[in-house]
Amino acid sequence: MSGTDSTSPSPPGDDPTGLQSFAVLLRRMNSEFNRIAHEFAQAQGLHLTDVQALVAVLDADPADGPMTPGRLRDQLDLTSGAVTACVDRLEKAGHIRRVRAPGDRRVVHLHYEQAARAVAGAFFRPLARSTEAARVRFTQDELMTVTRFLTELNRELVLLGRHGL
């Protein structure tokens, strides 16, 4: 990952907790995450969609069971053919493996390979260090508030996605 300026611009406007400030700060953060994801994709010879698929496999809710190509298609809003091409690239690159479900051989589960986890861990270690450096500047109560805000924002974004923008 290439470094960026070590200082971040201040929140915009006169109200640092207002909607406009949140919108600008979230866009800035999203832009940085996208840049990092793009750098990882380039370093691994992958498409950005492939990285999004890896994140979906990695972050799949265990209560929903292992990730399947169908769930991946729905989550990323891709066609069946695009998901197949994506999974083929990821499998060829050694990032995931397809495993047939023992109870129904027609069902395929997607698993993140341990070696790929190590590669991603090494690449994203600076991001983890930066996250930790920012996190330790807050009290436990502040972190609980941030966590609550991010949880609620993610919930709203999921609902927005389900009901259309």
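Not measured: the values here are computed from a predicted model.
Cluster membership for Leu58 and Leu110, using ILVMFWY side-chain heavy atoms within less than 4.5 angstrom, is shared. Placement of Leu150 and Leu157 within a single hydrophobic cluster is found when ILVMFWY residues are connected by side-chain heavy-atom separations under 4.5 Å, directly or transitively. The same ILVMFWY cluster, assembled from side-chain heavy atoms under 4.5 Å apart, contains both Met29 and Ile36. At a threshold of 4.5 Å between side-chain heavy atoms, the hydrophobic network of Ile, Leu, Val, Met, Phe, Trp and Tyr places Phe22 and Val158 in two separate groups. Both Phe124 and Tyr112 are members of a single hydrophobic cluster when ILVMFWY side chains are connected at heavy-atom separations under 4.5 Å.
A heavy-atom distance below 4.5 Å is found between the side chains of Leu46 and His95. Taking the side chain as every heavy atom from C-beta outward, Thr145 and Phe138 never approach each other to under 4.5 Å. Looking only at side-chain heavy atoms (C-beta outward), Phe40 and Leu54 come within less than 4.5 Å of each other. Pro66 is listed as a side-chain neighbour of His111, based on a closest heavy-atom distance under 4.5 Å. Side-chain atoms of Leu90 and Val57, non-hydrogen and from C-beta on, never get closer than 4.5 Å to each other. Side-chain contact between Asn30 and Leu26: absent, with no pair of heavy atoms (C-beta onward) separated by less than 4.5 Å. Residues His109 and Thr68 form a side-chain contact, since some pair of their non-hydrogen atoms from C-beta on lies under 4.5 Å apart.
Between Val83 and Pro69 the shortest heavy-atom distance is CG1-O, 3.7 Å. In plain terms, the two heavy atoms of Gln52 and Leu76 that are nearest each other are CB-CD2, 4.0 Å. Shortest non-hydrogen contact noted between Gly94 and Ala116 is O-CB, 3.7 Å.
Between the side chain of Thr131 and the backbone N or O of Leu127 there is at least one donor-acceptor pair closer than 3.5 Å.
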Glu132 vs Arg129, salt bridge (Lys or Arg N to Asp or Glu O under 4.0 Å): CA-CA, chis, key distance, verdict: CA-CA 5 Å; Glu132 182 61 9; Arg129 283 193 298 265; over 6 Å; no
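The side-chain hydrogen bond (donor to acceptor under 3.5 Å, both in side chains) test applied to Arg155 returns Glu152, not counting sequence neighbours.
Identified under the salt bridge (charged side-chain N to carboxylate O under 4.0 Å, His left out) test for residues 49-72, with sequence neighbours left out: Asp50-Arg89. Here salt bridge (charged side-chain N to carboxylate O under 4.0 Å, His left out) pairs that include residues 91-102, with residues two or more places apart or in two chains, are Asp88-Arg98, Glu91-Arg98, Arg97-Glu113.
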